[in-house]
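Let me begin by presenting the structure, written as structure tokens, before commenting on it.
Not measured: the values here are computed from a predicted model. Convention: sequence-line order gives letters A, B, ...; per-chain numbering from 1.
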Amino acid sequence: MFDGLSPAETQALLLSLRVSFWATLTSLPLGLLAAHALARWRFPGHGLLNLIVHLPLILPPVVTGYLLLLSFGRQGWAGAALWDWFGFTFAFRWTGAALAAAVMAFPLLVRAIRLALEAVDPRLEEAAATLGASRGMVYLTVTLPLILPGLLAGAVLAFAKAMGEFGATITFVANIPGETQTLPTAIYSFLQVPGGDAGALRLVLVSVAIATLALALSEWLSRRIAARIAGR
Amino acid sequence: MFDGLSPAETQALLLSLRVSFWATLTSLPLGLLAAHALARWRFPGHGLLNLIVHLPLILPPVVTGYLLLLSFGRQGWAGAALWDWFGFTFAFRWTGAALAAAVMAFPLLVRAIRLALEAVDPRLEEAAATLGASRGMVYLTVTLPLILPGLLAGAVLAFAKAMGEFGATITFVANIPGETQTLPTAIYSFLQVPGGDAGALRLVLVSVAIATLALALSEWLSRRIAARIAGR
Amino acid sequence: MTLEIRLSHSLPGFRLEVDLTAPPGLTCLFGRSGSGKTTVINAVAGLLRPDRAEILLDNEPLHHLPPHRRRIGYVFQDARLFPHLTVRGNLGYAARIRRRRPPGFDRIVALLGLAALLDRRPGALSGGERQRVAIGRALLSEPRLILMDEPLAALDEARKAEILPYIETLRDELALPILYVSHSLPEVARLATTIAVIEAGHLVAQGPAADLLSDPQIAPVLGLGDAGAILTARIAAHEGDGLSRLELAAGPLRLPLWLPRVLGAPGQTLRLRIAAQDVILSLSRPEGLSALNILPARVSALHLGSGPGALVRLDLGGQHLLARVTRRSAEALALAPGQPVFAIVKSVAVARDSVGHAVTP
Amino acid sequence: MTLEIRLSHSLPGFRLEVDLTAPPGLTCLFGRSGSGKTTVINAVAGLLRPDRAEILLDNEPLHHLPPHRRRIGYVFQDARLFPHLTVRGNLGYAARIRRRRPPGFDRIVALLGLAALLDRRPGALSGGERQRVAIGRALLSEPRLILMDEPLAALDEARKAEILPYIETLRDELALPILYVSHSLPEVARLATTIAVIEAGHLVAQGPAADLLSDPQIAPVLGLGDAGAILTARIAAHEGDGLSRLELAAGPLRLPLWLPRVLGAPGQTLRLRIAAQDVILSLSRPEGLSALNILPARVSALHLGSGPGALVRLDLGGQHLLARVTRRSAEALALAPGQPVFAIVKSVAVARDSVGHAVTP
Amino acid sequence: AEVTVFAAASLKTALDEIAADYTAETGTPVTLSYGGSSTLARQIAEGAPADVFLSASTAWMDDLADKALIQPDSRRDLLGNRLILVGPPDAAPVTIDKTLDLAALLAGGKLAMAMVDSVPAGQYGKEALESLGLWAAVEPGVVQSENVRAALQLVALGEAPYGIVYASDAVAEPGVSLVGTFPEDSHQPITYPGALTLTASPEAADFLDHLASPEAAGVFSANGFLPLTAAP
Ligand SMILES: Nc1ncnc2c1ncn2[C@@H]1O[C@H](COP(=O)(O)OP(=O)(O)OP(=O)(O)O)[C@@H](O)[C@H]1O
Ligand SMILES: Nc1ncnc2c1ncn2[C@@H]1O[C@H](COP(=O)(O)OP(=O)(O)OP(=O)(O)O)[C@@H](O)[C@H]1O
Ligand code: MOO
Ligand SMILES: [Mg+2]
Ligand SMILES: [Mg+2]
């Protein structure tokens, strides 16, 4: 698959995979929490939380990237604190690219999980409670398995979005080959020069190939889950 | 709400609303169809359809915009045909902005509807069939009402995404005030010039205000639906 | 209208192979949990596509039709109400699909006691209420064939007693063929024209209800202690003290039989089931007994089971009666075929729900 | 272990107001569809938060505990199996939560006939199979209180007959309090220690099963034709021809009573229910009858209902028996309190499932 | 008829003003669509309704010229610009030549530039640094932004201590100070070519001429550009 890719392009590809993988993985727990809060709890900040979750969709990606920069840059309120206390920074690091991708993908993840959560029959959770399962255990043994297809769908959406994320990423962590140059930035770069189309096309095809794999995997998984639940 | 907005900005706001509204509305039937095909049918092109639906997520928006330009531009294969046969064109028109927004929002819409479809109990559809409802009637009277919350969630996601879509839009239909300059492209323009931050912020706040309204409305609707189904 | 069902279908670990003819009237599918009753019914409804199926309603093949064109009223084992519709919406669903006013809406609502629930959604109903709505919904769909999968299991006796006559009406007046799954023998005995017994996917017995219910060989399959015979009698008169006098045609004789007031006009023919365990035999005509019905009969057969009981088949001059006695009594009374005896049947022992409407024999 | 339940709860159009004491043993909640039975049980399980609730198990308040700390085995009216787990996973769920081996797993699997289904998922089970798994799952959760909402309604008679003794064991040996909803009077009569009758959200009667079932005033509420009395008898001997001889303590006398072989060793005490409609009265001791049990008794009360029937309460020297006769017979025999009569009870009429295990009175 | 101008986004402030004046003067409405030069050029190639193309890069103008999509004789170099080094507001000015120890100046911090392989400002900057022999020393610290405005923003926010941008960018940005100007001979001359498209109206030719007028030149100068064709 790496045939015909320059070393820099291979690097961008591997980085995109890494960024998307971690963006998806680390946002899952938070996404679950947010989806749960939105689907099940009623609290004063409900509308606000919902807005915040959706914000990265609503705002142009550049603005989101800019806001990330303001918050998680070295000088940003959160970024400075992270640096002072933990010596950790997202700024101009691949972790920052992952953060940007995660933030941009978050609304998709949360919506998918939320829809799945709302479809869970609460009577099954009640049944688990009468069998001695505490709230947490009910969640772990009933709710979570039942929303697995939704979780998977959300994760696939998030991964796909992370693979394609460009605007927020480049605004937040710029384009540093080997550190923050993902496939979309490499593609963008090609498109900026006359005659770069062929190079861009090559990378686009690589993206598409990866997406095809990821989608096929997730389809297969969710079909298996559905078949098991239907008792086939 | 329009206080403090220049006429051009008000124009951008109204255009964004128009674009997002039509993008959402017109992609609903197609989204429903795609979601249905993906959730319920097994056919040879299943994986391909799934890929095509997800493509706008996976590709950097600029690429999607460029592909749209190549297909639906005046010279594009589809664009030329539309122009020759119907005298209609998306190119550099607000309808093109709506097309770009619809395409970019499509994966979100389809996923939401698909998740909802997969959660519908087929035994209820069977029951409807025994009561004399043809496939179409079952769909209209049972399936559709049951997936309404998912449809709504998908529509809200799509609308939000359409409000925020930038990369594909500016690449496909440029940034022509009054015709294709949406809020995100107006925000972009502001960010391109010295001292434009204040203007950008103003427009961001307008976006956020609209999103808040749209989200509140959809939450209220879906809560009502849920409460009715729960029999409260 | 005759329904013919020929099916074969394989599931992992389960094989269904059924060849069943349901003549006009109500055919009861009887069998243990997991024997395949719901599977058969689903195949008739078209919800299951069996490996091989031939389903003919009056020689018209149904098996190639999609479910919605089979015009079937199906009461599911699980109610399957539409959660997004009110009770009214559920009941009126079929009519709305056909763009008609639901026929007999008010009557069915009253019958099933749903008037107070019409504007509720299924989520706010009790288990029994849900099942009643499901029954109403199926009946209001103007079916030409009714499938009922344990429709009354969730209902109390009083409600059952109200609904049973209605199902009889469907069976008799509308002449709708009904395929009915039930575990309740009184229900079956009262309603069934035909009984089909299914075991592990195969029919083990099938025939007119009167024959099967009085067949001592089949009785254990149906549930021991529940054997009984079906008699046909004519209403002679409704008497002043709340009893009805019926006449049993017993050969040339007309034996009187008093029962608590039955529905129907004098002259009408009824069928009634008398459980074998409700019949006492006496060698001489007893005196001073509280039982009003003392029928002269003749022992026609004697089946000694493996247990302590014996089933005695009595001839009433053409009609049959079954009596369950202890083997000890059979010996003490020296019962043998041909012997004349008196069968004592308590009026009140003939449970109200064992008396059905007139049935076309 | 005594369970005290004091509840009040309002739903649109329905008000529940219940003050119920369930003494040790099995308390049956009896009432029409929609009367509030499931609502009461849900409140006890903690699934419903009623407006006001006080629930005490042996004076220990349960009402403030979350459902999972109440240690309740709940068999739901709808099975509520976990669709993502196999039958084995469903059965072992509670044990896995508590990180134990499920106690008595094999025994319950055998009892409920689930061995062949262990690796299936609920989607591939029949209605009755699903309910059996639900029963097993609740029983395997090591509960200290069992709630059963029509657990046997979907089961065939043979399966019921297998499961009933097991529920008796739970009641008697494990001494678990059981709150049981059922519409089946034989079930209730066999199992219930206490009966609570609920109508439109209010308790209308509550008391020991033996009293309520033989109370002619309550009988109509429970379902006409199903009145009957509960007798206590000692097993005297199991005889050679498959009958068991029991002894009824009737004042100073010990009346013999022959029944088809019952479970239990000689010397043990049993309770049995004799339906009023299975008793025939005779003024003189009849001869040449197939009925083995002829008990001398005395009429203690006579209730003429509004219909053609009359309910006669008999005194057997301390124990009570009910007989349902026609009013016409009552007049013909000139029955009156104090009058000596003979009660004729067919051995085989005492249905097998009306004979329970020994019960602590 | 109205005139539609596709212009590089960095020209916005100046062009908005010039166009408004022009319309007031002549009554000819001018529609301005801003975007990246690459985007604009592609759109023109796909039949965009542009009359005038103002590019920030000669490469894209050349590309259109090669494809014969502009009127060759209308092409002119309108503006020039200077490449500058910007730093924090309190930074001491330096002279930029071969002796400058830029790496020491950065002190481990980042140097913000536009994408060095594809965006003109980045290309000029890299060329200048290479010709001064400074590139190798600073390359590891370079962060590349999507465009030159984003690079400036990084400096303004303090995320990168220094950045290389156009002189015109720094004009109205209080968050940065001019640290030094790159020698004019260290890179190709920076030019903003303008040309008429094939569909241009006569009014468009007039507007393009107007951009070369002294009034326009004044506005451009005020915004930091170097008018090249100002009449003496
Ligand atoms: N959400 C609700 N809103 C209004 N009424 C309700 C709601 N839920 C239940 N009810 C009513 O409360 C009453 C009691 O319901 P419950 O489920 O306890 O009945 P039940 O005795 O278990 O009946 P069944 O034997 O039919 O299961 C019913 O009349 C029912 O209609
Ligand atoms: N998907 C499946 N895979 C394997 N076996 C199945 C599947 N679905 C049903 N079965 C089996 O088929 C048999 C027949 O099921 P069916 O639902 O027809 O039983 P039933 O007679 O209606 O029982 P009940 O009275 O319990 O409802 C059962 O043994 C059941 O376990
Ligand atoms: O929201 Mo974008 O335009 O997909 O980066
Ligand atoms: Mg079934
Ligand atoms: Mg209930």
Residues 34-59 of chain E vs salt bridge (Lys or Arg N to Asp or Glu O under 4.0 Å), sequence neighbours excluded, gives Asp197(A)-Arg42(E)
Turns out that what part of Ala150(E) lies under 4.5 Å from chain A's heavy atoms comes down to neither
Looking only at Gln153(E), Gln123(E), Lys110(E), the option with the highest number of non-hydrogen pairs under 4.5 Å against chain A is Gln153(E)
Note: vs chain E, highest number of non-hydrogen pairs under 4.5 angstrom among Thr180(A), Val173(A), Ile176(A) is Ile176(A)
- Are the side chain of Ser189(A) and the backbone of Thr185(A) linked by a donor-acceptor contact shorter than 3.5 Å? no
Assert top hit (heavy-atom pairs under 4.5 Å, partner chain A, pool Gly122(E), Pro120(E), Ser118(E)) equals Ser118(E)
Whatever's closer than 4.5 Å to a heavy atom in chain A on Val142(E) counts as backbone
Between Tyr188(A) and Phe166(A), is the ring centre distance below 6.0 Å? yes
Per ring pair (Phe, Tyr, Trp, His ring centres under 6.0 Å), Phe88(A) is matched among Trp85(A), Phe86(A), Phe90(A) by Phe90(A)
Item to check | Any donor-acceptor pair under 3.5 Å from Lys98(E) side chain to Ser131(E) backbone | outcome: yes
